[in-house]
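Written out below as structure tokens is the structure these notes cover.
Quick note on labels: first sequence line is chain A, next is B, and so on, each numbered from 1.
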There are 2 protein chains.
Amino acid sequence: MDKKNHIIEAAKGLIGRFGFKKTTMEDIARAARMGKATLYYYFKSKEDILREIIEREGNRLRKKLLEAVANGRNTREKLEKYTFTRFHFLRELGVYYRTIKDELYSHLEFIEKERKKFDRFDLDILEKILKEGMEAGEFKIKNPRYYAFLLLQAIRGLEFPILTGEALSFESREIDLDKALSTLLNILLYGISRSEA
Amino acid sequence: MDKKNHIIEAAKGLIGRFGFKKTTMEDIARAARMGKATLYYYFKSKEDILREIIEREGNRLRKKLLEAVANGRNTREKLEKYTFTRFHFLRELGVYYRTIKDELYSHLEFIEKERKKFDRFDLDILEKILKEGMEAGEFKIKNPRYYAFLLLQAIRGLEFPILTGEALSFESREIDLDKALSTLLNILLYGISRSEA
DNA sequence: TTTTCGACTCAAAAACCAAATTAGTCTAAA
DNA sequence: TTTAGACTAATTTGGTTTTTGAGTCGAAAA
């Protein structure tokens, strides 16, 4: 298990720097100071190593998100902590995500699977936040899961440029994303009319 | 000028069906029933034909959008007409856009230019809608252009899947985008709390 | 028994080259 | 002013060889 971690760490570094295709099994073996065949004792394929890395990163982010949300006192705070956490994690992972995305023309099924898992998680957590808001009497909506979905897409509209590596710019200045996110939350919660009240 | 239109139409059909690279100048010449050299009398290069097509489509969309918005009686209606028009145009153009995007690994500068032109246009029109809303006493915000920007990004979050060709799905059912867009506008205008009032 | 490795295979990718296409030009004629 | 046929130079294609790298195996070390 400890060895497995060791391999994962080595692989993560290399893949992050050079991309998945450019990183060879020999490279990983060398970085982990062991023979190539040994890797196959712990992992059944090169793809399997990537699968594990992605799975772990996913779990790490989910854990972070749950912790972040737990600390919020009301809907506003929870949403803010949620989006910020998500956001900084994505930024941190950005390069990684992109190199992999670019290389894997053919999207691997486990990446697709992880993406779906995350979609569900996002919806679950947002739905929960909305339901708690309703219980606290903050507002009343009929279909919280549908609302969660719309919120999620709206938020993604802002974070999308990060994933593609473009800068989000407004009036040709690069934008402060935390601030933008915060204002967007205000709009979503209170509406344009009341968002500055 | 009429000949130019004729060429553009021929080219548009072919490029739409087979993509930009697969369509040869001879193909276009044949479809327009003229010699290849004639094309070069009207256009300085193959790229130049594409440039003109894109520019024209852009103008057509902008015109449609202006018309749509002009018919709205209040902010809500204007935004709805705006987003719906945008949206259906994008869907119609989807295939076109995608084949070109896929082929032009290297993004051409005139496409980038058109994209920027559109960004500005979007901001301008949304800002105008918001300002008119303020004048009508519907709401009061400090920085309408910044708000226009946030609105735009939020809306893009919903329409993005169209551009990439994915279906936007919620709970594994494909979603009615007009309806989703409409609800999102409610949220943006009135806030979650009041969006169902 | 569990773990590691060097040496091997084979499928896929890179490198290479020749042949064919095709964007763009030119000259001349309608 | 507009059109076209013949031409060129650059790019793309298709087919071949070479190299690389994922994955296996059997033996040895721990």
Side-chain angles (χ1 to χ4, degrees), chain A residues 1-55 96 98-111, chain B residues 1-56 96 99-111:
Chain A
M1 195 78 274
D2 196 39
K3 282 273 173 55
K4 216 173 167 181
N5 276 323
H6 185 236
I7 295 173
I8 289 276
E9 284 309 313
K12 200 158 71 167
L14 288 171
I15 293 175
R17 234 202 312 284
F18 306 112
F20 181 67
K21 276 174 86 176
K22 282 279 179 65
T23 302
T24 72
M25 287 300 264
E26 309 235 31
D27 291 339
I28 298 172
R30 209 176 309 120
R33 268 163 296 125
M34 48 177 72
K36 182 168 67 124
T38 308
L39 299 180
Y40 285 91
Y41 181 75
Y42 293 99
F43 296 93
K44 73 182 222 294
S45 68
K46 188 184 176 188
E47 237 180 72
D48 195 44
I49 295 179
L50 182 61
R51 209 215 62 246
E52 181 108 3
I53 292 177
I54 288 176
E55 211 171 289
Y96 210 85
R98 235 170 300 139
T99 52
I100 288 173
K101 187 99 189 186
D102 285 349
E103 289 179 336
L104 301 185
Y105 30 81
S106 58
H107 11 152
L108 302 174
E109 91 297 349
F110 66 83
I111 290 190
Chain B
M1 195 79 270
D2 197 40
K3 282 273 174 53
K4 215 172 168 181
N5 276 323
H6 185 236
I7 295 173
I8 289 277
E9 284 310 313
K12 199 158 72 168
L14 288 172
I15 293 176
R17 235 203 309 288
F18 306 112
F20 181 67
K21 278 175 85 175
K22 282 278 178 65
T23 302
T24 71
M25 288 300 264
E26 309 235 32
D27 291 338
I28 297 172
R30 210 178 307 122
R33 269 163 296 127
M34 50 177 70
K36 183 168 64 121
T38 308
L39 299 180
Y40 285 92
Y41 181 75
Y42 293 100
F43 296 94
K44 72 182 225 292
S45 68
K46 188 182 175 188
E47 237 179 73
D48 195 45
I49 296 180
L50 182 61
R51 207 214 65 246
E52 181 107 3
I53 292 176
I54 287 175
E55 211 171 289
R56 288 187 183 201
Y96 210 85
T99 52
I100 288 172
K101 187 99 188 184
D102 286 350
E103 290 179 335
L104 300 184
Y105 30 83
S106 59
H107 13 152
L108 302 174
E109 91 298 348
F110 66 82
I111 291 191

Please give, in whole Å, the distance from [N] [atom2] to [X] [atom1]?
{"X": "A:I28", "N": "D:dG23", "atom1": "CD1", "atom2": "P", "value": "10 Å"}
{"X": "A:R30", "N": "C:dT4", "atom1": "CZ", "atom2": "P", "value": "18 Å"}
{"X": "B:Y42", "N": "D:dA4", "atom1": "OH", "atom2": "C1'", "value": "13 Å"}
{"X": "B:D48", "N": "C:dG24", "atom1": "CG", "atom2": "C1'", "value": "13 Å"}
{"X": "A:L39", "N": "D:dT24", "atom1": "CG", "atom2": "P", "value": "13 Å"}
{"X": "B:K46", "N": "C:dT25", "atom1": "NZ", "atom2": "C1'", "value": "17 Å"}
{"X": "A:I7", "N": "C:dT3", "atom1": "CD1", "atom2": "P", "value": "11 Å"}

**Report entry** Helical bend (five base pairs per end, nearest 10°) for the helix from C:dT1-D:dA30 to C:dC17-D:dG14
**Finding:** 20°

Query raised in the report: Is the backbone N or O of B:G19 less than 3.5 Å from a side-chain atom of B:T23, with the two atoms forming a donor-acceptor pair by type?
Result: yes

Pick out the pairs of N or O atoms, protein on one side and nucleotides 5-11 of chain C on the other, that lie under 3.5 Å.
| unit_1 | atom_1 | unit_2 | atom_2 | d |
| --- | --- | --- | --- | --- |
| C:dC5 | OP2 | A:G35 | N | 2.4 |
| C:dC5 | OP2 | A:T38 | OG1 | 3.0 |

Query - Heavy-atom closest pair, residues B:I28 and B:A10 - result: O-CB, 4.4 Å

Query raised in the report: When the nearest nucleotide of DNA chain D is assigned to A:E47 and to B:K3 on a heavy-atom basis, which residue is associated with the more 5' position?
Result: B:K3

Query raised in the report: Under 3.5 Å, is there a donor-acceptor pair between the A:D27 and A:T24 side chains?
Result: yes

Query - Cationic tip of A:K46 above A:F20 ring, under 6.0 Å, 45° of axis - result: yes

Query raised in the report: Would A:K4 count as a cation-pi partner of A:Y41, with NZ or CZ less than 6.0 Å from the six-membered ring centre and within 45° of the ring normal?
Result: no

Query raised in the report: Should the pair A:E47-A:R51 be classified as a salt bridge under the 4.0 Å nitrogen-to-oxygen rule?
Result: no

Query raised in the report: Does the distance from a Lys or Arg side-chain N to an Asp or Glu carboxylate O, for B:E26 and B:R30, drop under 4.0 Å?
Result: no

Query raised in the report: Does a side-chain N or O from A:Y41 land closer than 4.0 Å to OP1 or OP2 of C:dT3, or not?
Result: yes

Query - Any A:Y40 side-chain N or O less than 4.0 Å from OP1/OP2 of C:dT4 - result: no

Query raised in the report: With a 4.5 Å limit on heavy-atom distance, are the side chains of A:F43 and A:I8 in contact?
Result: yes

